S.K.: 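This is the structure I want to talk about, given as structure tokens.
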Amino acid sequence: MSAVTDAASGRGFVPRSLLVPVVLGIALLVVPLVALVGRADWSTIVDDVTAPAALSALGLSLQTGLAATALCVVLGVPIALCIARAGDRLAALLRAIVTVPLVLPPMVGGVALLFLFGRTGWLGPILADWGFRVPFTTPAVVLAQTFVALPFLVLAVEGAVRSVGVGYEETAAALGAGRWRILLRVTLPLAAPGLVAGVILCFARAIGEFGATALFAGNAPGVTQTMPLAIYTAFNGAGVSQDTAIALSLLLLVTSVAVLLVVRAWRPGAPR
Amino acid sequence: MSAAARPSRAPIAAAVAALTLALAGCASAQDAPTASSQATEGTALDGELTIFAAASLTTAFDELAAEFEAQHPGVDVRPIAYDGSSTLATQIVEGAPADVFASADEATMARVVEAGLATDPVAFATNTLVLVVPIGDPGDVEGLDGLADPDRTVVLCAPEVPCGAASQALLEDAGVVPSIDSAEQSVTAVLAKVAAGEADAGLVYVTDAAASADVESIEVAGAEQVVNTYPIVALDDAADPDVAAAFVAFVTSEEGRAVLAGLGFGAP
């Protein structure tokens with residue numbers, strides 16, 4: 001954008017005729033969602049969303065989404081710090097690795113997880129000897145969600161940490177602060193907006209996860225059937241009703257919009 | 001064979017294993033066995049029952065499970081996982097924790113048996129196919145020949161799933177080459193698309209067609225020649241083998257048969 005924007009006035013010289021694709025594109029994004037809202041049966045929506053099957057899917061989505069987000073924070077913040085402070089080559093390599101799940105079809109992630117933890121996978125038989133089975137359990141949902149959501153957290157936090165720079169850290173170090181103290185009192189507070197944005201995007205991505213979950217965790221109501229899977233199952237005519245599917249879709253939509261409103265300040269590369 | 005034994009992968013494997021253990025902790029609390037019942041004939045059954053059933057059994061098994069729970073108050077039947085038989089079989093073979101599996105055909109059940117996870121499935125019902133169209137037949141499909149017209153929107157079950165295998169056999173017998181717009185993974189997915197009016201025609205089981213108010217059925221000559229037989233089995237790894245066996249016995253009992261017959265399923 002900066003190439004076409006006049007920095008002095010803050011308003012650029014974008015050709016006005018570009019409005020045509022802009023309007024068409026925005027319409028493509030918004031009108032289908034309006035159609036979804038229009039299809040909802042408002043008289044029964046409360047009943048649909050509070051039906052036992054719907055509540056079960058909703059509750060499971062929230063629990064697994066929160067667990068996955070926590071796991072992403074524990075694993076992702078250190079990765080982000082590492083990338084932000086690594087040399088160019090190592091940073092590029094790590095960033096590429098972290099970005100892979102973002103561009104990969106989630107189904108591929110699900111198959112890969114199954115080939116690691118599955119009955120015939122690398123780790124599956126070893127864990128089975130210890131009495132643990134991961135696929136088709138609630139923890140499998142969390143792992144699948146973490147797999148697809150981690151890049152969102154890492155990239156957001158890395159951008160924030162990098163943009164803050166190391167100046168304040170050097171000052172703190174010169175004043176005698178240790179590494180942990182610098183991390184907790186300087187680096188993370190300065191990167192807080194990026195961290196918040198990353199956490200929220202990560203959570204939104206986790207509760208929307210479908211492909212990897214479907215393959216790796218399956219579709220058992222109450223155990224692995226999250227909202228996206230309940231919607232898919234309902235749309236295919238089994239399980240909860242189609243009205244419930246529409247109601248759940250709306251709920252996911254509302255959640256997503258709310259999440260985006262919370263992170264409205266988040267833009268790639270934006271100053272805090 | 002053990003991947004973790006190789007030095008290069010050991011640290012990663014150990015890290016992942018540690019993580020997995022931490023995660024599995026929250027599942028084991030929830031999966032804690034309610035009671036290790038020593039139930040034999042005549043004593044009360046208790047425990048949890050996880051059923052994986054073909055999508056076409058949705059109505060029937062919801063009813064059967066409710067009856068079974070009513071007769072055995074100590075048994076908690078978990079919400080049943082309904083999906084295409086083929087999807088369920090794959091999940092079971094890959095380690096999904098099911099106690100009972102009911103498939104819409106014998107070939108799909110055979111995959112689970114061949115994987116060494118169950119023995120001696122029992123046939124409990126049969127089903128045949130019927131052509132369904134939205135109310136009023138807006139696509140003028142009229143008969144099986146209508147499925148060959150590329151201008152109509154035709155959805156069928158994918159050949160890999162039981163209703164798809166049956167559809168293929170039926171169409172081959174009739175000498176019709178269908179112009180398929182979408183190959184679905186379960187019969188309920190086909191029915192849902194026809195019922196919504198998004199497709200002009202599809203082939204589903206007579207039981208599904210009878211249960212839907214949003215489609216019209218068109219009898220197909222030769223449909224009675226293509227019969228799907230539904231087998232059910234208690235899996236060897238069932239958490240509570242007595243409960244699983246009791247449910248299988250219930251489905252195949254006079255009482256179970258009556259429920260199935262009431263919904264249009266044929267006798268095995």
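Every heavy atom of this structure was used, including side-chain atoms; hydrogens, water molecules and symmetry mates were not. These numbers were taken from a predicted model, which means no experiment stands behind them. Numbered from 1 within each chain, the chains take letters A, B, ... in sequence-line order.
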S.K.: Out of curiosity, B/Glu94 CD to A/Thr120 OG1, how far, rounded to the nearest 0.5 Å?
M.R.: 5.0 Å
S.K.: Under a 4.5 Å heavy-atom cutoff, which of B/Gly95, B/Ala196, B/Ala98 has the most pairs with chain A?
M.R.: B/Gly95
S.K.: Is B/Val187 close to chain A through its backbone or its side chain, or both, or neither, when contacts mean heavy atoms under 4.5 Å?
M.R.: neither
S.K.: Which of the residues B/Pro79, B/Ala195, B/Ala192, B/Ser56 is involved in the greatest number of heavy-atom pairs with chain A at under 4.5 angstrom?
M.R.: B/Pro79
S.K.: Might you confirm whether atom CZ of A/Phe115 has over 12 heavy atoms from other residues, nucleotides or ligands at distances under 6.0 Å?
M.R.: no
S.K.: Does a side-chain heavy-atom distance below 4.5 Å link B/Leu117 with A/Arg119?
M.R.: yes
S.K.: Taking all atoms of both residues into account, what is the closest heavy-atom pair of B/Ala81 and A/Pro221, and its distance?
M.R.: CA-CD, 3.8 Å
S.K.: Looking at CD of B/Gln91 and OG1 of A/Thr224, how far apart are the two atoms once the value is rounded to the nearest 0.5 Å?
M.R.: 7.5 Å
S.K.: Quick one: what part of B/Leu88 sits under 4.5 Å from any heavy atom of chain A, side chain, backbone, both or neither?
M.R.: neither
S.K.: Nearest 0.5 Å, please: how far is OH in A/Tyr232 from CG in B/Asp83?
M.R.: 7.5 Å
S.K.: Quick one: what part of B/Leu57 sits under 4.5 Å from any heavy atom of chain A, side chain, backbone, both or neither?
M.R.: neither
